Every structure is written in structure tokens, then in C-alpha cells.
Asks: 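This is the structure, below, for whatever I ask next.
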Amino acid sequence: MSKGRNSQQAVQAVLWRLMLLAAVLLSVAMLWGCGKSPEKEADTKTSDEDKIVIGFSMDTLVHERWLRDRDIFVAKAKELGAEVILQIAYSDSQEQEKQVQYLLDQGIDVLVLVPHDAVSAAGMVKKAKDKGVKVISYDRLVKNANVDLYLSFDNTKVGELMGEAAIAKRPQGNYLLLNGSESDNNSAMFREGYMSLLDQGIQEGSIKIVGETWIKDWLYENALAYMEDVMDQNPQIDAIIAGNDTLAGAAVHVLTEKRLAGKVIVVGHDADLDGCQRVVEGTQSATVYKPIDIEATKGAEFAVAMARGRMVKANDTINDGRFDVPYYKIEPLLVTKDNMMSTIIKDKFHSMEDVYMNVPKDDWPTK
Ligand code: GAL
């Protein structure tokens, strides 16, 4: 067999092998392509051109802060080139369930969830995770669900600051506790915080809890009804710890009717405008300022990063009842009459004109 023929055969053999290799590579690529269900596409929108769609499921807009969360979050997400589909459940878990399903059906890349009910929301998280959609538990933790990230304030510290403020004014006496909504895990974290400050006084007998309740859906009217009931029995109350400024407002309303406003200590949280007004007017001793702009901005940034399959660095973990999940927690601040200017006004959370609206101009602190 001639030399020429040999080399021809050799060339043919090499060509065969190359074609075989090409065929193998092609089939692997095709196999890789078919393995990815459209839903799982979410995790890998790596290029900035791919428009990210965020599903933002909120419990309510009834309380002042949520309007701020919504506006800052949506604006930041837009700035980052993402689209936000917003759903508000108005404190109805079934409605929230339907809304989350609707968001998933829209093909969202990431779910940002403010649960109405910390326990039943776990089902919504499971649905999202089954579709490969990442989940951020926003401000309130979903229990037993292993969310990808819990973003909130240090809520136990929020409660500690409230406890500190009350004890500073009333180290002894009868306390009334208006806890937040029982379906909201934050209420338990806040309570854990203020009880850790009250416990010593309770042990020693200098502090007595003469009444305690959980206010359904954090609603003003529910707190008002409870307060009217309690005060009609003319109990001797020295201090009220109210889960947030909405509940504190209801307490002060009833105390005012009884000419006890400013005499009975009231502590709230959220630094709502009316809460801050009561603090500078003296009918409420303190509130807790949570810089919502940080939480909402981080929320949008983290949502876009996670939708692009990027890792988000948390600064703590929290056990959700079954799993230890990453927790990005932000510091809260106690606000009293003395530091209103250097916190709320300095940060432009509210304007001086609004906060001191009912205070004679001569008594306004200098800027
Ligand atoms: C809590 C939240 C508070 C409060 C409340 C009522 O979860 O942390 O800021 O406003 O809900 O919506």
C-alpha cells in the first residue's frame, strides 16, 4: 500500500475523530440548553441588558412607613434598570397568597415579601423557591421557610430602646403593653427587646404588668377599643409601651380624654410624623427611628443582585424556627425631645415645620 494512500487514510482518520468530537460537543450544548426550564432563567440574567422583574408583595400601606418603603424601593429599582410589579394584600393572607401566585405567573426573577402572616407565608416562599425564584423577606421574617435573605432592622434592639426609654421615665410602676400584631414576627422581636429591660424590675416587684394585648393588624381602631376598655376600669397606669406610633397614638387619644396625656408615659416606634409631633409636644416620651431609606434602597439593590445570581453579604444570621437564614440588619435609633433635631430633622425624615407644627415658634430649638 503506497505511502500516499497511508497519509490519505491518516488524514481521514483525523477528520473522523474531529467530526466525532464536534458531534459530542454539539449534543452536550443542546442537552445543557434543554435542561433549563424557562422559570429557572431567573437566576442567570447575568447581563445588564436582561431586564430584571421584581415582584414586591406588601402586607399593607395603612402605616406611614410603608408608603416610604414602596416609593424609595420602586425608584431605586428603576434606577438599577429593573421593573417592579407591586401587590398590596391589605392584611389578608389569602389575598397575599393569590397575589404571590400572580407575581410568579408573571415570571418574576425575585420575590420581595412583607408577609402578613409570618407562618402561613412559608407556603408562598416554597412556591417561589420551587420555581427557582429567590426570596427576600422584607422587614418581617417568614418563619420556617429558609428564605434566601432576611432584610430588616435589628428589631430586638428596637424593643430594647423602647424599654430603656420607658424605664428612664418610670423605673417603677404599673405598665400596660400594647404589642403589635401577633401574626407579625416583628411584634415578638420588639416584645423580646422591651421585656429584656423590664424583667429585672418585674422580678424585684418594682414593675408590674397590669395589662397586655396583641393588636390585630396593628390597627389604630383596635388599639383604641382596647385602651377605652382598660381605661374605663380606671386602673392606675404609669407607663404604656405601644408596638408602634399608630398604637401609641390610640393610647394618647384615650389618655387625653382622661386628662392623663403627658402624665402616663407612652413609648412608641416608627418615628411617624404624628409620633414625632407628640414627642416634641410631650404627650409621648420617645419613638424609635428606623432609616427606611437604607432598608428600601438595600432591598432594591439586593433584589437586583440576587436576580443576577450574585451573592449578597449579610451581617448576621437568624433562626426562622427551622433554618438559620442570612440576616442583613440595620441599626435603629431612639428619638426623644432632646435629639429630634440631630436625628429626624438632620436626616430630613420629617421637616422641622411639620414636627414642631403645634409648638409655639419661640420654643422651637435652634437649627
Ligand atoms: C412592623 C414594622 C413596623 C410597623 C408595623 C405595622 O412589621 O416593622 O415598622 O409599622 O409593622 O405595619
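Order of appearance sets the numbers: ligands from 1, and atoms from 1 within every ligand. Note that these values count all heavy atoms, side chains included, but never hydrogens, waters or copies made by symmetry. All values derive from a computational prediction rather than experimental measurement.
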Asks: Show me the pairs that pass salt bridge (charged side-chain N to carboxylate O under 4.0 Å, His left out) and involve residues 153-180, at least two apart or across chains.
Replies: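 For residues 153-180: Asp154-Lys329, Lys157-Glu331.
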Asks: Can a donor-acceptor pair be found, under 3.5 Å and without considering hydrogens, that links the side chain of Asp109 to the backbone of Val53?
Replies: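 Yes, Asp109 side chain to Val53 backbone: donor-acceptor pair under 3.5 Å.
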Asks: Less than 6.0 angstrom separating the ring centers of Tyr150 and Tyr328, yes or no?
Replies: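 Ring centroids of Tyr150 and Tyr328 are no less than 6.0 Å from each other.
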Asks: Search all heavy atoms of Lys263 against all heavy atoms of Arg259 and return the closest pair with its distance.
Replies: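 Minimum heavy-atom contact is NZ-O, 3.0 Å.
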Asks: Both conditions, 6.0 Å and 45 degrees, for the charged tip of Arg68 above the ring of Phe349: are they met here?
Replies: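 Yes, Arg68 sits over the ring of Phe349.
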Asks: Could you walk me through whether Lys78 and Glu83 pass salt bridge (charged side-chain N to carboxylate O under 4.0 Å, His left out), step by step?
Replies: CA-CA 6 Å; Lys78 241 194 207 109; Glu83 181 196 335; over 6 Å; no
Asks: Who's touching ligand 1 if we go heavy atoms under 4.0 Å?
Replies: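 Heavy-atom contacts below 4.0 Å: His63, Arg65, Trp66, Asp139, Arg140, Asp184, Asn186, Phe190, Trp218, Asn244, His269, Asp270, Lys290.
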